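Nothing fancy with the numbering, it's 1 onward along the sequence. Just so it is clear, the model here is predicted, and its values are computed rather than measured.
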Amino acid sequence: MATRLAIVTGGNKGIGYAIVKALCGLFDGDVYLTARDVGRGEAAVARLNELGLRPKFHQLDVTDAGSVAAFARFVADNYAGIDVLVNNAAIAFKSDATEPFGVQAEETIRVNYFALRSVCDALFPLLVPGARVVNLSSSAGRLSLIPGDEHRQKLSSPLLTVDELDALMRLFVDKAKAGDHARAGWPSSAYSVSKVGVSALTFIQQRAFDVDARADIVVNSVHPGYVDTDMTSHKGPLTIEQGAEAPVYLSLLPAGEQNVKGCYVWNDKSVKDWCTC
């Protein structure tokens, strides 16, 4: 039988590292820890080896088209397909960041939304029937955090397309760079907008999978909780292992799952109404 495959992006530290760690003990197949920096990625694998775990490593910079394409070729050449894909890689500017908000907006949307989408574009054709995809969102990815009524209506539309969502993300960046994002109905958190984009993208992706010839492909977005990581400046009360619990749960949903499918899931594994929570 072909070896099953699980992939975690941004896996060298934090929640991504804990997801890899958990999958190594629960997933029957090869688990790939991917990271932009080879040295840090290999060091993370070495730490897991010391625990008796055997993840594999491959370089993957989600913002680099060449790196994404190379990884997709590697997967296609060496595996029958992908069983689990966890899109974890992301950035967040600190509250005391000195970069202009327009710069923060452009970079955050580029990494957290567009790079995630490019990874999906490259790897989704390699998903096997029954595959599970987990997009790391956030409590900041709630629709209610978008002030503008028109934006909320568009983002929550069951007819929203990827092209239309791309345009909304670019519109936010343009408004942020012009300094009038607040007046245009956007929040002053680029991270929030990026994660709203990830949440909205997840719904679009599930609608596509529902009519895909490959049966039983499920994608969900998840708020992992407020976790003690570099991204939160170690202010979160949860451990990285606790932050990994809901993403790992979604990675291993049973065959034929119908209830937790195309959902926005909280760190306690409960499904939330994205439009009202």
Side-chain angles (χ1 to χ4, degrees), residues 7-20 33-41 43-44 58-68 71 85-123 133-142 145-146 165-166 168-177 181 186-202 221-236 238 240 243-244 247 267:
I7 296 164
V8 181
T9 70
N12 64 283
K13 65 177 181 177
I15 296 171
Y17 177 83
I19 293 171
V20 171
L33 183 158
T34 71
R36 177 180 58 186
D37 185 279
V38 172
R40 292 175 182 174
H58 199 287
Q59 192 274 343
L60 175 60
D61 181 347
V62 299
T63 68
D64 184 304
S67 176
V68 173
F71 182 59
L85 172 62
V86 182
N87 287 306
N88 168 74
I91 64 166
F93 282 84
K94 304 298 185 183
S95 58
D96 60 353
T98 58
E99 294 87 347
F101 184 66
V103 172
Q104 295 185 36
E106 186 169 42
E107 182 66 2
T108 303
I109 297 299
R110 182 181 78 89
V111 176
N112 294 2
Y113 174 78
F114 283 107
L116 182 148
R117 191 171 71 67
S118 72
V119 170
C120 291
D121 289 346
L123 298 184
V133 179
V134 184
N135 294 329
L136 270 288
S137 184
S138 167
S139 60
R142 288 172 289 156
L145 297 180
I146 303 298
L165 180 54
D166 286 355
L168 283 167
M169 293 296 103
R170 292 190 182 102
L171 176 62
F172 164 68
V173 171
D174 289 344
K175 294 299 183 181
K177 292 170 78 171
H181 60 280
W186 295 103
S188 293
S189 168
Y191 183 78
S192 181
V193 176
S194 74
K195 292 302 187 178
V196 165
V198 168
S199 302
L201 179 65
T202 301
S221 65
V222 61
H223 160 51
Y226 193 30
V227 180
D228 179 356
T229 64
D230 288 348
M231 187 175 287
T232 66
S233 298
H234 300 281
K235 294 178 180 177
L238 301 181
I240 58 172
N267 66 301

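With a 4.5 Å cut-off on side-chain heavy atoms, Val193 and Pro187 count as touching. At least one side-chain heavy atom of Lys177 sits under 4.5 Å from a side-chain heavy atom of Glu106. Residues Asn87 and Val133 have side chains in contact (heavy-atom distance under 4.5 Å, counting atoms from C-beta outward). Between Lys195 and Ser137 there is a side-chain heavy-atom pair separated by less than 4.5 Å. Side-chain contact between Val8 and Leu33: absent, with no pair of heavy atoms (C-beta onward) separated by less than 4.5 Å. By the 4.5 Å heavy-atom criterion applied to side chains, Asp37 and Asn12 are not counted as neighbours.
The two residues Ala35 and Gly41 come nearest to each other via the heavy atoms CB-CA, 4.0 Å. Looking at every heavy atom in both residues, Asp230 comes nearest to Lys13 through OD2-NZ, 2.9 Å. The two atoms that bring Thr108 and Ser194 nearest to each other are CG2-OG, 3.7 Å, heavy atoms only. Nearest heavy-atom pair, Pro224 versus Leu238, reported as atom, atom and distance to 0.1 Å: O-CD1, 4.2 Å. Between Thr9 and Thr34, the shortest heavy-atom distance links the atoms CA-OG1, 3.1 Å. Residue Met231 comes nearest to Ala92 through the heavy atom pair CG-CB, 3.6 Å, listed as atom of the first residue, atom of the second, then distance.
Side chain of His181 to backbone of Ala176: no donor-acceptor contact under 3.5 angstrom is found. Side chain of Thr63 to main chain of Ala115: no donor-acceptor pair is present (N/O by atom type, distance under 3.5 Å, no hydrogens or angles). Listed for the Asn112 side chain is a donor-acceptor partner under 3.5 Å among the backbone atoms of Ile91. Here the side chain of Ser67 pairs a donor or acceptor atom with the backbone of Asp61 at under 3.5 angstrom. Under the 3.5 Å distance criterion, the side-chain polar atoms of Thr202 are matched with a main-chain donor or acceptor of Val198.
No side-chain donor-acceptor contact under 3.5 Å links Asn267 and Tyr226.
A 6.0 Å sphere centred on CZ of Arg36 holds no more than 12 heavy atoms belonging to other residues, nucleotides or ligands. More than 12 heavy atoms of other residues, nucleotides or ligands lie within 6.0 Å of CZ in Arg170, so this atom counts as buried by the packing criterion.
Of the options Val196, Val173, Leu171, a side-chain contact (heavy atoms from CB on, under 4.5 Å) to Trp186 is made by Leu171 and by none of the others.
The residues Asp121 and Arg117 are annotated as salt-bridged, a charged nitrogen and a carboxylate oxygen being separated by less than 4.0 angstrom.
When the side-chain contact (heavy atoms from CB on, under 4.5 Å) test is applied to Val134, the partners found at least two apart in sequence or on another chain are Val86, Leu136, Val222, Pro247, Leu250, Ser251.
Between atom CD1 of residue Ile7 and atom CG of residue Asn88 there is a gap of 13.5 Å, rounded to the nearest 0.5 Å. The CG atom of Leu201 sits 6.5 Å away from atom CG of Asn135, with the distance rounded to the nearest 0.5 Å. The structure places CG of Asp96 at 7.5 Å from OG of Ser233, a figure rounded to the nearest 0.5 Å. The CZ atom of Phe93 sits 5.0 Å away from atom CD of Glu99, with the distance rounded to the nearest 0.5 Å. Atoms CG and OH, on Leu168 and Tyr113 in that order, are 8.5 Å from each other to the nearest 0.5 Å.
Between His58 and Phe71, the ring-plane angle classifies as tilted under the 30° and 60° cut-offs.
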Item to complete: For the pair Leu116 and Val62, evaluate side-chain contact (heavy atoms from CB on, under 4.5 Å) and give the outcome as yes or no after the intermediate values.
Response: CA-CA 7 Å; Leu116 182 148; Val62 299; over 6 Å; no
